[in-house]
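Beneath this line is the structure, given in structure tokens, with notes to follow.
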Number of protein chains: 2
Amino acid sequence: MTENKHSGNLSPEFALLGFLIAGQSHGYDLHQKFTAELGHVWHLSQSQAYAILKRLETRGDISAHIVEQEKLPARQMLRITAQGRKRFFEWLELGIGTNARSIRLEFLTRLFFAQLHRPESISQIYRSQTNEIESSIVKLETLIEHLPPEQVYNRLSLDLRLQQLRLIQNWMAEIRTQFHISRI
Amino acid sequence: MTENKHSGNLSPEFALLGFLIAGQSHGYDLHQKFTAELGHVWHLSQSQAYAILKRLETRGDISAHIVEQEKLPARQMLRITAQGRKRFFEWLELGIGTNARSIRLEFLTRLFFAQLHRPESISQIYRSQTNEIESSIVKLETLIEHLPPEQVYNRLSLDLRLQQLRLIQNWMAEIRTQFHISRI
DNA sequence: AGATATATACTCATCCAGTGAGTATATATG
DNA sequence: CATATATACTCACTGGATGAGTATATATCT
């Protein structure tokens, strides 16, 4: 019940969708953009990118049509569908991460695309994330309190997680000033 | 080049091996032990545990033999092989994690088993981990320095990672006192 | 006595994550 | 002239993870 139970740790998927909101593109280009803009947030290999795009297509979030090129290999031009657009904005405004890693990854990714496509909802996204952190800090604190004292390693692990969450609070407070996000 | 590039993020595997060092056991029991002792360090579902054990068997790290029971379903009794033992102790003394998550997970797991099976090498394990952190802090700092200023999100991500590494340094210093690990 | 919950012990189908190598061509650089 | 880099994508394979299913035994509650 600790990690890995992502209601969806799937944001490279959403990031690819997010780049397609701005207009049609193809796998190679999307991967390039991704690496340039979010390469230190996530790592996404080229083949992974293609795999995800394939999945998005079979799901109906994007549509592909082949564009022949005279000299270079043909491109699969990709467009986001109405369904994909819907899924993307749902993720953008509703998704929240609760552990250090997923906050760094998911939250930053959401912030990036909110800035691009929905600047007006940034403060709402920000607030729902901070609330989430607040409440998971409380949960962790009570968990630690009630942990049998002989569970040394579990305690050390939870302690570090708690400290990491507090660190993230400070980091987010800095983001608030950097992005001029108003309180409430 | 940021996350996910674990030379092996495989420590639940090694943890299962580690429990088998103490003597033969079976899947159900190993999963129970795991959850009780490291359940807040890792999450490992029962079916995952069985899947990993199956893999360890085909690799030759453990051997299985069926023990019929009168009333309850038969058990697959598992024993660690010489090869498995070798792999385990190599991991115990050589493995190192470099990001926040893998340190929390892997390092704590190694510490747990070192305490059980190799208390004399704890201080060596501890030191190689702190050295690793030290050097990855340095790497991160130079990376951040040379990051083009327009890469706002990459910078935020790396900043947080850096702060997390510093946090881990403090956390590990506390572990040193708690476990009476000598410096050098 | 009967119902329900919990513990024992494991299997299976399914999907997502991730790597590494391969294929093929074009243009730029030494 | 050779080599490196950029364009554009495919494939095979392994590992990670969940959720549900199977089957029986014992303990607990009413």
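In what follows, chains are A, B, ... by sequence order, proteins preceding strands, each numbered from 1.
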Roughly, in whole Å, what's the span from CG in A/Asp29 to P in D/dT7? 9 Å
Could you grab the distance from atom CG of A/Leu111 to atom CD1 of A/Ile181, nearest 0.5 Å is fine? 6.0 Å
Measuring to OP1 and OP2 of C/dT19, would you say a side-chain N or O of A/His43 lies under 4.0 angstrom away? yes
Spacing between A/Gln32 atom CD and D/dT5 atom C1', to the nearest angstrom: 12 Å
Using atom types as modelled, flag every donor-acceptor pair under 3.5 Å from a side chain in residues 144-152 of chain A to any protein atom, sequence neighbours excluded.
unit_1: A/His146; atom_1: ND1; unit_2: A/Thr142; atom_2: O; d: 2.9
unit_1: A/Gln151; atom_1: OE1; unit_2: A/Asn154; atom_2: ND2; d: 2.5

Just to verify, which of A/Ile133, A/Thr130, A/Ile168, A/Ile175 counts as forming a side-chain contact (heavy atoms from CB on, under 4.5 Å) with A/Phe107? A/Ile175
5' priority, DNA chain D, between B/Gln46 and A/Tyr28 [closest heavy atom]: A/Tyr28
In whole angstrom, give the distance that lies between atom CD1 of A/Ile66 and atom C1' of D/dT7. 17 Å
Please list, for nucleotides 11-15 of chain D, all pairs of protein and nucleotide N/O atoms separated by less than 3.5 Å.
unit_1: D/dG15; atom_1: OP1; unit_2: B/Arg59; atom_2: NH2; d: 3.2

Rounded to the nearest Å, what distance is computed from the CG atom of residue A/Leu53 to the P atom of nucleotide D/dC9? 9 Å
A/Ile52 CD1 to D/dT10 P: how many Å, rounded? 15 Å
B/Gln76 CD to C/dC10 P, in whole Å, measures 7 Å
What distance separates A/Arg166 CZ from A/Glu141 CD, expressed to the nearest 0.5 Å? 5.0 Å
In whole angstrom, give the distance that lies between atom CD of A/Gln48 and atom P of D/dC9. 16 Å
Would you call B/Asp159 and B/Arg155 a salt bridge, taking side-chain N to carboxylate O under 4.0 Å as the test? no
Looking only at the side chain of A/His26 (C-beta and beyond, no hydrogens), which of the listed nucleotides D/dA8, C/dG18, C/dT11 gets closest? D/dA8
Passing option when B/Asp61 is tested against B/Arg85, B/Arg55, B/Gln83, B/Lys86 for side-chain hydrogen bond (donor to acceptor under 3.5 Å, both in side chains): B/Gln83
Near A/Glu174 CD, under 6.0 Å, is it more than 12 heavy atoms from other residues, nucleotides or ligands? no
Let me know the distance between CZ of A/Arg75 and C1' of C/dT25, rounded to the nearest Å. 14 Å
